[in-house]
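Counting begins at 1 with the first residue of the sequence. Model, not experiment: these values are computed from the prediction.
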Amino acid sequence: MFNSRGLTKTQMIFGLVLVLIFAGLSVPKFIDVQQKCGEGETKYNLERLRSAIAAYYGDNRGNYPEDDLSVLVPRYIEKIPYEAAPGYDKSNKVYTDKQTGKGGWFYFNKKDSPRWGEIIIDLPGNDSTGKQWTEN
């Protein structure tokens with residue numbers, strides 16, 4: 001099969017084809033895993049923010065923060081974490097006036113809102129499970 005001078009051109013081409021086939025099969029899986037990691041990071045950061053808000057609520061006689069959550073830093077959370085959903089720019093901006101759908105977070109900071117104290121991911125569309133980002 002091998003000659004004394006090394007591999008033949010046919011053997012090299014066959015090896016290259018095999019490498020390309022394996023790469024073609026693994027790259028889409030890698031991209032899918034990378035997207036799910038970004039989703040997981042975003043959902044984890046959402047839970048961290050919710051925990052910090054709950055701690056603030058407990059320490060402040062049943063009142064939620066009424067700002068853009070900057071009052072949480074550094075006592076309840078070291079910094080506002082990033083939303084890192086795939087397909088969107090990373091953002092740690094907290095919107096309070098109206099949802100923008102540009103990424104980051106939306107916090108309901110008005111006392112008269114039925115959702116006062118709630119924070120959501122400020123993105124349009126669905127995550128990989130089909131659930132709307134704003135419902136996470």
Side-chain angles (χ1 to χ4, degrees):
M1 180 176 224
F2 295 102
N3 62 29
S4 61
R5 293 181 302 160
L7 298 173
T8 65
K9 288 181 186 179
T10 305
Q11 291 169 330
M12 290 182 66
I13 290 172
F14 181 73
L16 182 61
V17 167
L18 282 177
V19 168
L20 292 175
I21 288 172
F22 288 130
L25 294 173
S26 63
V27 167
K29 199 63 160 165
F30 174 75
I31 291 171
D32 184 49
V33 167
Q34 192 175 21
Q35 287 179 337
K36 287 185 180 179
C37 285
E39 281 187 17
E41 179 183 357
T42 296
K43 291 176 184 179
Y44 169 73
N45 286 337
L46 176 63
E47 291 307 315
R48 289 179 56 217
L49 281 170
R50 286 179 175 160
S51 294
I53 292 168
Y56 179 94
Y57 180 85
D59 287 348
N60 289 278
R61 299 185 199 129
N63 287 304
Y64 290 109
E66 294 184 38
D67 65 352
D68 63 354
L69 301 181
S70 57
V71 71
L72 299 178
V73 179
R75 182 171 181 192
Y76 299 96
I77 195 166
E78 65 280 354
K79 63 181 182 176
I80 302 296
Y82 283 88
E83 160 276 307
Y88 298 93
D89 293 336
K90 288 177 82 168
S91 174
N92 68 343
K93 177 86 172 119
V94 178
Y95 297 96
T96 57
D97 292 329
K98 66 177 187 171
Q99 290 177 253
T100 65
K102 295 180 181 177
W105 314 103
F106 184 79
Y107 175 64
F108 296 90
N109 69 338
K110 309 279 189 279
K111 276 188 170 184
D112 59 347
S113 170
R115 297 178 77 179
W116 181 40
E118 187 177 337
I119 188 163
I120 60 174
I121 302 166
D122 191 15
L123 289 174
N126 301 331
D127 63 15
S128 65
T129 66
K131 189 175 182 182
Q132 286 188 343
W133 280 110
T134 56
E135 293 176 6
N136 281 288

Which value, rounded to the nearest 0.5 Å, describes the distance between [X] atom [atom1] and [Y] atom [atom2]?
X	Y	atom1	atom2	answer
Ile121	Gln99	CD1	CD	11.5 Å
Leu69	Lys93	CG	NZ	11.0 Å
Leu123	Gln132	CG	CD	11.5 Å
Trp116	Asn63	CH2	CG	4.5 Å
Asp68	Phe106	CG	CZ	12.0 Å
Asp127	Lys36	CG	NZ	10.0 Å

For [Y], does its backbone N or O pair with a side-chain atom of [X] as donor and acceptor, under 3.5 Å?
X	Y	answer
Asn45	Tyr82	yes
Asp122	Thr100	yes
Glu39	Ser128	yes
Glu83	Ala85	yes
Asn92	Pro81	no
Tyr95	Gly101	no
Thr96	Tyr107	no

Q.
Testing the basics here: between Leu72 and Ala52, what is the closest heavy-atom pair and its distance to 0.1 Å?
A. CD2-O, 3.8 Å
Q. Which heavy atom of Thr42 sits nearest a heavy atom of Ala84, and at what distance?
A. OG1-N, 2.7 Å
(Q) Whether the Asp89 and Ser91 side chains hold a donor-acceptor pair (N or O, under 3.5 Å, no angle test) is what I'd like checked. (A) no
Treating Ile, Leu, Val, Met, Phe, Trp and Tyr as nodes and any side-chain heavy-atom pair under 4.5 angstrom as an edge, say whether [X] and [Y] lie in one connected cluster.
X	Y	result
Ile13	Ile21	yes
Tyr76	Tyr57	yes
Val71	Trp105	yes
Ile80	Leu46	yes
Tyr44	Val94	no

Q.
If you apply the rule side-chain contact (heavy atoms from CB on, under 4.5 Å), what do you find for Phe108 with Ile120, and how did you get there?
A. CA-CA 9 Å; Phe108 296 90; Ile120 60 174; 4.2 Å; yes
